[in-house]
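In this text the structure is predicted, and so the values were computed from the model without any measurement. Here is the naming used below: chain letters follow the sequence lines, and residue numbers restart at 1 for every chain.
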There are 2 protein chains.
Amino acid sequence: VLVEGCIACDELRDAVQAPGGVIYEDAHWQVDHGLEPIALAGWLIIKPKRHCEHIAELTSEETASFGLPLRNTARALTEVLHPAKMHVHSMGESVKHIHFYVIPRMADVPADGLEVLQQMFEGRWACSEAEAAKVAARVRPILRRLMSEAVG
Amino acid sequence: VLVEGCIACDELRDAVQAPGGVIYEDAHWQVDHGLEPIALAGWLIIKPKRHCEHIAELTSEETASFGLPLRNTARALTEVLHPAKMHVHSMGESVKHIHFYVIPRMADVPADGLEVLQQMFEGRWACSEAEAAKVAARVRPILRRLMSEAVG
C-alpha cells in the first residue's frame, strides 16, 4: 500500500533510487542510504514497506521483524565504518512515512546526539552520491549475509 | 550484568527510581519515564536489562523482543496523550547504556524532530516529577495489558 507524493513510497516503488540502490529488503522492511542532500556517508534509513505513519500502527509482523534488520544494519555499518557509537532516530516529519535513521557516530565527531544531528543537517559531513553509494555497496553483502544467517 | 556508575544500570537495580516507578519490564527490556531534569511528561525510555552500549551487540533474544515493547509503548502513549506523531531516538551518550527515547510530539508542538529535541533539552516542556509520575501511572496498565495480550 504505497501513497502518491511520499518520497519513501517512491523509493519502495523504485521511482526514486537512493545512492547505491536498495541495500536490503524483506517482506516488511527496506534499508537504503539517505537521499540528497546526503548528510553523511553511511547514513542509512530503515522503513516499512507500506505507507504507515505511526509506530503505534505497525502490525504484529512488522513489529516482530523490526529488531533484526535494525541490529544487523548497526552490525554491518560497524564492520564497514567502525563508528564509536550508533545513533538511531525516527524524527523526520517532512516525510511522514515511518523511517528510522541509523547514524554511525564516528570517533572524531562530538559524542553528543543533538550536536551530531545539528551538524549533519548543516551539511558538516555532506558527501557525494558516489561516496554514499560506495558505503552502500560495502554494507549490502554484509547485511544480507547477517539477515540470511538469522533467518536460516 | 549491571555496571557501577551507569545511571541506567542504577535504575535497573532500583538504586534510582524514575518518576512513577517502573512502567514495564520483561526478560530483556524495561520502560521507565525520563529522569530529572524531566523534559516532557510522557518522555519514556526503553533500555535493555543488561549493560550494553552498542546496538550491534544486542543478542538475538534482545533483538527479537525489542519491536513489541517499542510499538506498544507508542500505542499506550497514544492512548493516553493522543500525540500527532511519535519520535524515537537512541542518541544519548552521557549515558552509554543503550536507551531509546519515545517522545510523543503533540499537535501544538512544531512538526520538526530537531526542533522538538532542542526545545525539550532547553526545558521548554519541563514538568514536575508528579506530572511525569501521573503519565507513567496512566501508561503502565495499558502497556502491560498490550504486552500480555501479545505474549498470551
Side-chain angles (χ1 to χ4, degrees), chain A residues 28-29 52-79 82-96 98-105 109-122 146 149-150, chain B residues 28-29 52-79 82-96 98-105 109-122 146 149-150:
Chain A
H28 302 296
W29 298 93
C52 178
E53 301 191 353
H54 299 285
I55 293 172
E57 292 171 5
L58 290 172
T59 67
S60 298
E61 292 73 20
E62 288 162 342
T63 299
S65 62
F66 173 62
L68 210 53
L70 175 67
R71 186 201 59 183
N72 287 346
T73 296
R75 280 195 179 172
L77 271 175
T78 298
E79 215 171 307
H82 309 289
K85 184 89 171 172
M86 205 64 71
H87 293 192
V88 173
H89 303 274
S90 183
M91 60 189 275
E93 292 220 26
S94 55
V95 177
K96 295 287 184 190
I98 296 169
H99 56 291
F100 292 85
Y101 301 157
V102 183
I103 298 173
R105 197 275 293 166
V109 158
D112 178 309
L114 190 54
E115 202 170 326
V116 168
L117 285 173
Q118 283 166 332
Q119 297 198 10
M120 258 186 70
F121 292 131
E122 284 163 8
L146 289 169
E149 284 170 3
Chain B
H28 302 297
W29 298 93
C52 178
E53 300 192 352
H54 300 286
I55 292 171
E57 293 171 5
L58 289 172
T59 67
S60 298
E61 292 73 19
E62 288 162 344
T63 299
S65 63
F66 173 61
L68 210 53
L70 175 67
R71 185 202 60 183
N72 287 345
T73 295
R75 280 194 179 172
L77 270 174
T78 299
E79 214 171 306
H82 309 288
K85 184 90 169 169
M86 204 65 71
H87 293 192
V88 173
H89 304 275
S90 183
M91 61 187 275
E93 293 222 26
S94 55
V95 177
K96 294 288 184 190
I98 296 167
H99 56 289
F100 292 85
Y101 302 157
V102 183
I103 298 173
R105 198 275 293 164
V109 158
D112 177 310
L114 190 54
E115 201 171 326
V116 168
L117 284 173
Q118 284 166 331
Q119 297 199 9
M120 257 186 71
F121 293 132
E122 284 164 7
L146 290 169
E149 284 171 3

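With respect to chain B, the highest number of heavy-atom pairs below 4.5 Å among A:S65, A:A74, A:S94 belongs to A:A74. Most heavy-atom pairs under 4.5 Å with chain A: of the set B:H54, B:H89, B:M86, this distinction falls to B:H89. Note: A:L114 leads A:L114, A:T73, A:T78 in heavy-atom pairs under 4.5 Å with chain B. Of the residues considered (A:E53, A:E57, A:E62), A:E53 shows the highest number of contacts with chain B, using heavy-atom pairs under 4.5 Å. Chosen from A:A76, A:S90, A:P83, the residue pairing most often with chain B at heavy-atom distances under 4.5 Å is A:S90.
Interface remark: A:Q118 contributes backbone and side-chain atoms alike to the contact with chain B (heavy atom separation under 4.5 Å). Proximity to chain A is limited to the backbone of B:A84, based on heavy atoms less than 4.5 angstrom apart. Of the atoms belonging to B:S60, heavy atoms from both backbone and side chain fall under 4.5 Å from chain A. With a 4.5 Å cut-off on non-hydrogen atoms, B:Y101 does not touch chain A at all. Neither the backbone nor the side chain of B:E79 comes within contact range of chain A; no heavy atoms are under 4.5 Å apart.
The main-chain N or O of A:T63 is never found under 3.5 Å from a side-chain atom of B:R71 such that the two would form a donor-acceptor pair.
What you find for A:A111 and B:K96 is that their closest heavy atoms are CB-NZ, 4.2 Å.
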(message) Does B:M91 form a side-chain contact (heavy atoms from CB on, under 4.5 Å) with A:R105? I'd like the steps, not just the answer.
(response) CA-CA 9 Å; B:M91 61 187 275; A:R105 197 275 293 166; over 6 Å; no

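Between the CG atom of A:L70 and the CZ atom of B:F100 there is a distance of 5.5 Å, given to the nearest 0.5 Å. One finds the CD1 atom of B:I98 at 6.5 Å from the NZ atom of A:K85 (value rounded to the nearest 0.5 Å).
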